[in-house]
Amino acid sequence: PASVTRIESKAFQRCSSLSSIIFEGDAIRDIRMERDRIGRLPEETKVFITPDAQGFGDLWNMRPVFISDDYTHEISGVTYAIGEEEVVIVDCQPDVSGSLRIPSTIVGKPVTKIFRSAFQAIENLKSVFIEDGVTTIGTDAFRNCSGLQNITIPKSITSIGNGAFLGCGSLETIVFE
């Protein structure tokens with residue numbers, strides 16, 4: 001809860017059955033838990049957040065961060081996590097092909113981020129146009145999209161994650177608006 005402002009070292013050490021950690025709010029500001037300082041978590045432990053959560057990167061305590069399925073909806077093969085104030089693209093079905101337009105809004109809410117690995121290895125995706133308003137292309141977002149030839153990136157993008165287009169061997173044109 002928002003009332004938790006600090007988690008001390010080894011707080012969850014030896015919790016060998018811990019399978020998930022769910023944050024329903026923003027990241028804890030007083031971080032005293034970097035790199036397994038809260039205790040070594042089991043390898044299968046997953047970290048889930050809401051689409052509106054602020055302060056999280058791609059990892060939390062060396063574990064990948066996922067958006068809870070409670071918030072996801074699929075539209076034309078693309079999975080969106082719809083929060084109270086914003087929308088995040090989290091996944092794509094492998095059979096999506098051709099041209100894709102990433103909208104600036106879904107159900108009246110702004111699409112702000114393409115989450116980590118959202119389009120990874122979608123081999124038949126040829127062209128992507130991202131509408132203005134999206135601010136972040138996450139780590140590995142389009143990694144190994146071997147058929148991707150063209151992408152248009154709007155001026156609203158402020159961050160492109162590590163490996164976002166790694167392995168896109170057919171990529172011919174990137175347009176930065």
Side-chain angles (χ1 to χ4, degrees), residues 1-4 19-29 46-60 63-145 147-166 168 171 173-177:
S3 60
V4 175
S19 63
S20 62
I21 299 172
I22 303 165
F23 288 98
E24 293 183 345
D26 294 341
I28 297 168
R29 296 290 176 220
K46 292 187 176 181
V47 177
F48 296 96
I49 62 172
T50 65
D52 298 310
Q54 300 295 311
F56 287 93
D58 290 333
L59 297 174
W60 183 85
R63 295 291 183 275
V65 173
F66 300 94
I67 296 198
S68 174
D69 287 341
D70 294 344
Y71 300 91
T72 61
H73 304 278
E74 186 178 315
I75 302 169
S76 300
V78 177
T79 304
Y80 297 88
I82 301 174
E84 289 183 23
E85 297 183 20
E86 65 183 327
V87 177
V88 177
I89 298 172
V90 295
D91 196 17
C92 183
Q93 295 300 313
D95 59 349
V96 169
S97 62
S99 295
L100 176 69
R101 183 177 205 90
I102 295 175
S104 60
T105 62
I106 295 283
V107 296
K109 297 177 183 181
V111 176
T112 59
K113 182 175 184 177
I114 301 169
F115 206 66
R116 175 185 33 81
S117 305
F119 294 95
Q120 186 169 351
I122 306 299
E123 296 175 357
N124 293 317
L125 192 58
K126 302 291 181 206
S127 178
V128 175
F129 180 87
I130 303 170
E131 289 187 6
D132 197 39
V134 178
T135 60
T136 304
I137 299 173
T139 299
D140 297 329
F142 293 93
R143 183 180 187 144
N144 294 328
C145 288
L148 185 62
Q149 298 170 348
N150 305 295
I151 187 160
T152 300
I153 298 174
K155 63 184 177 220
S156 59
I157 293 288
T158 58
S159 176
I160 298 176
N162 187 37
F165 299 97
L166 180 69
C168 294
L171 190 57
T173 307
I174 302 170
V175 176
F176 287 98
E177 292 185 318

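Throughout, residue positions are numbered sequentially from 1 according to the sequence presented. From a predicted model like this one, the values you see are computed outputs, not experimental measurements.
Looking at every heavy atom in both residues, Ser76 comes nearest to Val96 through O-CG2, 4.0 Å. The shortest non-hydrogen separation linking Ala164 to Gly138 is CB-O, 3.9 Å. Scanning all heavy atoms of the two residues, the minimum distance from Ile122 to Cys92 falls at CD1-O, 3.7 Å. Pairing each heavy atom of Tyr80 with each of Pro103, the nearest pair is OH-CD, 3.7 Å.
Annotation: the span from Phe129 atom CZ to Ile151 atom CD1 amounts to 10.5 Å, rounded to 0.5 Å. Rounding to the nearest 0.5 Å places CZ of Arg116 at 12.5 Å from CG of Asn162. The CG atom of Asn150 sits 10.5 Å away from atom CG of Leu125, with the distance rounded to the nearest 0.5 Å. Taken from SG in Cys168 to CZ in Arg143, the straight-line distance is 10.0 Å, to the nearest 0.5 Å. Residue Ile106 holds its CD1 atom at 7.0 Å from CD1 of Ile82, rounded to the nearest 0.5 Å. Note: Leu148 CG to Ile174 CD1 = 8.5 Å, rounded to the nearest 0.5 Å.
Within the 4.5 Å cutoff, no side-chain heavy atoms of Thr136 are placed close to those of Thr112. Contact annotation: the side chain of Ile137 approaches that of Ile130 to within less than 4.5 Å [non-hydrogen atoms, C-beta and beyond]. When side chains are defined from C-beta on, Ile89 counts as touching Phe119, because their heavy atoms get closer than 4.5 Å.
Applying the side chain to side chain donor-acceptor pair (under 3.5 Å) rule to Ser117 yields the partners Gln120; only residues at least two apart in sequence or on another chain are considered.
Applying the side-chain hydrogen bond (donor to acceptor under 3.5 Å, both in side chains) rule to pairs touching residues 152-161 yields Asp132-Ser156, sequence neighbours excluded. Residue pairs meeting the salt bridge (Lys or Arg N to Asp or Glu O under 4.0 Å) criterion with at least one partner in residues 94-106, sequence neighbours excluded, are Arg101-Glu131.
Between the side chain of Lys109 and the backbone N or O of Gly83 there is at least one donor-acceptor pair closer than 3.5 Å.
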Take Ile153 and Ile160 through the side-chain contact (heavy atoms from CB on, under 4.5 Å) test and state the conclusion after the steps. CA-CA 10 Å; Ile153 298 174; Ile160 298 176; 4.2 Å; yes

